[in-house]
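Structure first, commentary second.
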Amino acid sequence: MHLFKGKTALITGASRGIGRELALAFARQGAAVAICARSQEGLDKVQKEIEAAGSHCFASVCDVRQEKQVKRFVSQVEDKFGAVSILINNAGIYVCQPVLKHSTEIWQDVMDTNLNSSFFFSRQVLPSMTEAGWGRIINISSVSGKKAESYGAAYSASKFAMIGLTQALALEVAKQGITVNAICPGWVGTEMAHNQLVDDKWCELNQINPHESHDIHRLSVPQERFVEGQEVAELACYLASDQAKSITGQAINICGGLSLC
Ligand code: NAP
C-alpha cells in the first residue's frame with residue numbers, strides 16, 4: 001500500500017528516535033521524505049536506510065531554531081521534490097530544572113526548539129498547501145502538553161503552546177483541505193527518554209534511584225510498557241491519510257494509558 005505516493009513529507013529532528021521512525025514509515029508509504037537535524041551523522045544513516053529500501057530521501061543539517069535556516073531548508077526541499085504536502089514538526093529537547101533555576105537562555109532554547117520551529121515551518125509550507133488544496137501538519141507534542149510535570153516547566157509550557165498553535169491553525173485552514181493535529185506521546189523508548197530516566201539531577205529531584213528509574217516509570221504506565229517510536233509513526237501516517245480528513249485541531253494521546261494516572 002502506498003498512501004503517500006507523489007507526496008513530499010518533511011520531518012524535523014529525524015536523525016534518531018521518533019523522527020527516524022516517522023521518516024521510515026512515510027518513505028514505506030511512498031512519500032519522498034525530507035529530513036533535518038543539527039548534526040549530519042545520524043541523518044546520513046537514516047538517508048541510507050530509506051534509499052536502501054528504494055525510496056527517495058533528502059537530508060540536510062538545519063537548526064530549526066533559526067528561521068533563516070528553516071527557509072533555506074524548505075526551499076531546498078521544494079527544488080528537489082516539489083512542494084511539501086506533509087509537515088511533521090518533531091524536533092524537540094527536554095530540560096529538567098526547577099523553575100527558579102531555569103536561566104532565560106534555557107527557557108528561550110526550549111521555546112525556540114519545541115515551539116517557534118513549528119511556527120517557522122508551518123508558515124513556510126502553508127502557502128503551497130493552500131494552493132494545492134491539500135495538506136497535513138502534525139505537531140509532536142506530549143502528554144506533558146496536557147498535564148504538566150514538575151521540573152520541566154519550559155518543556156511543558158512549550159508542549160501546551162504547541163497544542164494551542166495546532167488548534168488555532170486548524171481553524172484558520174479548515175476550509176482549505178488542510179488538517180492540523182498534534183500527537184501527544186507518553187514515554188517512548190528513545191535516547192531522549194533514556195537520558196531523562198537516568199539523569200542524576202532529574203532522579204534526585206524526583207527522589208528516585210537512577211538504577212530503578214527505568215522500571216519505576218515503565219510500571220507507572222497502565223500497560224506497563226513504553227510506547228514504540230513505530231507506533232507513533234503509524235498514528236502519524238493515519239492522520240496524514242485521506243481517511244483522517246475529518247480529524248483536525250485534535251491532540252491525540254498515545255501513551256499506554258499514562259494520561260489517566
Ligand atoms: P530524541 O531521540 O532526542 O531526538 C530528537 C531529534 O531532534 C534528533 O534528531 C535531534 O537531532 C533533533 N533536534 C533537536 N534539536 C534540534 C534543532 N535545534 N534543530 C534540528 N533538529 C533538532 O527525541 P525523541 O524522543 O525522538 O523525541 C522526538 C519528539 O517527541 C520531541 O519533540 C519530544 O519532545 C517528543 N516526545 C518524546 C517523548 C519520549 O518519551 N521520547 C515523549 C513525548 C514527546 P540533533 O541533536 O542532531 O539536532
Side-chain angles (χ1 to χ4, degrees), residues 10-25 33-47 59-70 72-74 87-96 105-106 108-118 120-121 138-149 152 154-163 165-166 182-199 202 213-214 217-218 220-221 225-233 235-236 251-256 258-259:
L10 188 163
I11 299 148
T12 69
S15 59
R16 58 175 187 263
I18 296 171
R20 172 181 165 275
E21 295 291 350
L22 287 163
L24 294 174
V33 170
I35 56 175
C36 69
R38 286 167 302 179
S39 58
Q40 189 71 49
E41 204 188 335
L43 288 175
D44 286 344
K45 281 193 201 149
V46 177
Q47 181 174 24
S60 176
V61 167
C62 167
D63 185 334
V64 300
R65 295 168 295 187
Q66 308 291 334
E67 191 172 14
K68 271 192 188 154
Q69 292 191 32
V70 170
R72 193 178 59 212
F73 179 62
V74 172
L87 165 67
I88 308 189
N89 291 306
N90 166 75
I93 54 169
Y94 177 83
V95 173
C96 161
E105 288 73 24
I106 285 177
Q108 194 59 52
D109 194 25
V110 174
M111 290 300 162
D112 285 344
T113 309
N114 296 3
L115 175 65
N116 297 347
S117 59
S118 303
F120 296 154
F121 270 98
I138 298 171
N139 292 321
I140 307 298
S141 177
S142 167
V143 289
S144 305
K146 291 181 175 178
K147 186 178 171 197
E149 53 176 282
Y155 185 77
S156 287
S158 70
K159 296 296 188 181
F160 267 75
M162 206 180 201
I163 294 175
L165 173 65
T166 300
I183 292 179
C184 300
W187 288 108
V188 184
T190 66
E191 196 172 311
M192 177 190 275
H194 177 73
N195 290 345
Q196 183 180 343
L197 285 167
V198 299
D199 180 62
W202 187 76
S213 175
H214 218 270
H217 286 91
R218 183 177 53 76
S220 73
V221 179
R225 66 179 190 91
F226 292 159
V227 177
E228 287 169 22
Q230 202 178 333
E231 296 175 81
V232 179
L235 175 57
I252 299 170
N253 295 340
I254 174 163
C255 63
L258 183 65
S259 62

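Whatever order the structure lists ligands and atoms in, that order sets their numbers, starting from 1.
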Have Tyr94 and Glu149 got a donor and an acceptor in their side chains that come within less than 3.5 Å? yes

Residue, atom and distance of the protein heavy atom nearest atom 4 (O) of ligand 1 read Arg16 NE, 3.5 Å

Atoms of ligand 1 less than 4.0 Å from Asp63 heavy atoms? 17 (C), 18 (N), 19 (N)

If every non-hydrogen atom of Met162 is compared with every non-hydrogen atom of Leu115, which pair is closest and at what distance? N-CD1, 3.7 Å

Mind listing the closest non-hydrogen atom pair of Trp202 and Leu197 along with its distance? CZ3-CA, 4.0 Å

Which heavy-atom pair separates Ala14 from Ile35 by the least distance, and what is that distance? CB-CG2, 3.5 Å

Under the 3.5 angstrom rule, does the side chain of Gln69 hit a backbone N or O of Asp63 as a donor-acceptor pair? yes

So if I count the atoms of ligand 1 from 1 in the order they appear, which ones are less than 4.0 Å from some heavy atom of Trp187? 40 (O)

Closest protein heavy atom (residue, atom, distance) for atom 34 (O) of ligand 1: Tyr155 OH, 2.6 Å

Phe121 versus Val74: any side-chain heavy-atom pair under 4.5 Å? yes

Taking non-hydrogen atoms only, is Thr113 closer than 4.0 angstrom to ligand 1 via side chain, backbone, both or neither? side chain

Check each heavy atom of Ser141 against ligand 1 and say whether those closer than 4.0 Å belong to the side chain, the backbone, both or neither. backbone

Just jot down the ligand 1 atoms closer than 4.0 angstrom to any heavy atom of Ala193, in number order. 40 (O), 41 (N)

Minimum-distance pair of heavy atoms, taken over all atoms of Val143 and Gly186: CG2-CA, 3.8 Å

With a 4.5 Å cut-off on side-chain heavy atoms, are Ile18 and Glu21 touching? no

Has Ser158 got a side-chain atom pairing as donor or acceptor with Tyr155's backbone, closer than 3.5 angstrom? yes

Which atom of Thr12 lies closest to which atom of Ala91, heavy atoms considered: OG1-N, 2.9 Å

Val188 versus ligand 1: do any nitrogen or oxygen atoms come within less than 3.5 Å of each other? yes

Looking only at heavy atoms, what is the nearest atom pair of His217 and Trp187, with distance? CD2-CZ2, 3.6 Å

Just heavy atoms, cut-off under 4.0 Å: does Arg20 contact ligand 1 by side chain, backbone, both, or neither? neither

Report the part of Cys62 (side chain from C-beta onward, or backbone N, CA, C, O) that has a heavy atom under 4.0 Å from ligand 1; answer both or neither where that applies. backbone

When distances are taken from atom 42 (C) of ligand 1, the protein heavy atom at minimum range is Gly186 O, 3.0 Å

A student comparing Ser15, Cys184, Gly189, Cys36 should find that the heavy atom closest to atom 11 (O) of ligand 1 comes from Ser15

Which atoms of ligand 1 have any heavy atom of Lys159 under 4.0 Å away? 31 (C), 32 (O), 33 (C), 34 (O)

May I ask you to list the atoms of ligand 1 that are less than 4.0 angstrom from any heavy atom of Ser142? 43 (C), 44 (C)

Among all protein non-hydrogen atoms, which one is nearest to atom 7 (O) of ligand 1, and what is the separation to 0.1 Å? Gly13 CA, 3.4 Å

Pairs under 3.5 angstrom only: tabulate donor-acceptor contacts from the side chains of residues 225-232 to other protein residues two or more places apart or in another chain.
| unit_1 | atom_1 | unit_2 | atom_2 | d |
| --- | --- | --- | --- | --- |
| Arg225 | NE | Gln223 | OE1 | 3.4 |
| Arg225 | NH1 | Glu231 | OE2 | 3.1 |
| Arg225 | NH2 | Gln223 | OE1 | 3.4 |
| Arg225 | NH2 | Glu231 | OE1 | 3.1 |
| Glu231 | OE2 | Glu228 | N | 2.8 |

Contacts of Arg16 meeting salt bridge (Lys or Arg N to Asp or Glu O under 4.0 Å) (sequence neighbours excluded), chain-then-number -> Glu191

re atom 13 (N) of ligand 1, the protein heavy-atom contact at minimum distance is Ala91 CB, 4.0 Å

Quick one: look up the protein heavy atom nearest atom 23 (O) of ligand 1 and list residue, atom name and how far away it is. Met192 CB, 3.4 Å

Please check: side-chain N/O of Asn90 versus main-chain N/O of Gly13, any donor-acceptor pairing under 3.5 Å? yes

Check each heavy atom of Ile18 against ligand 1 and say whether those closer than 4.0 Å belong to the side chain, the backbone, both or neither. both

Nearest protein heavy atom with distance in Å, relative to atom 21 (N) of ligand 1: Ala37 CA, 3.4 Å

Just to confirm my output: which protein heavy-atom neighbour is closest to atom 14 (C) of ligand 1, and how far is it? Arg38 NH2, 3.5 Å

I need the contact type for Ala14 against ligand 1. Using non-hydrogen atoms and a strict under-4.0 Å cut-off, is it side chain, backbone, both or neither? backbone

Would you check the N or O atoms of Ile93, main chain and side chain alike, for any that come under 3.5 Å of an N or O of ligand 1? no

From atom 31 (C) of ligand 1, work out which of Asn90, Ile140, Asp112, Val143 has a heavy atom at the shortest distance. Asn90

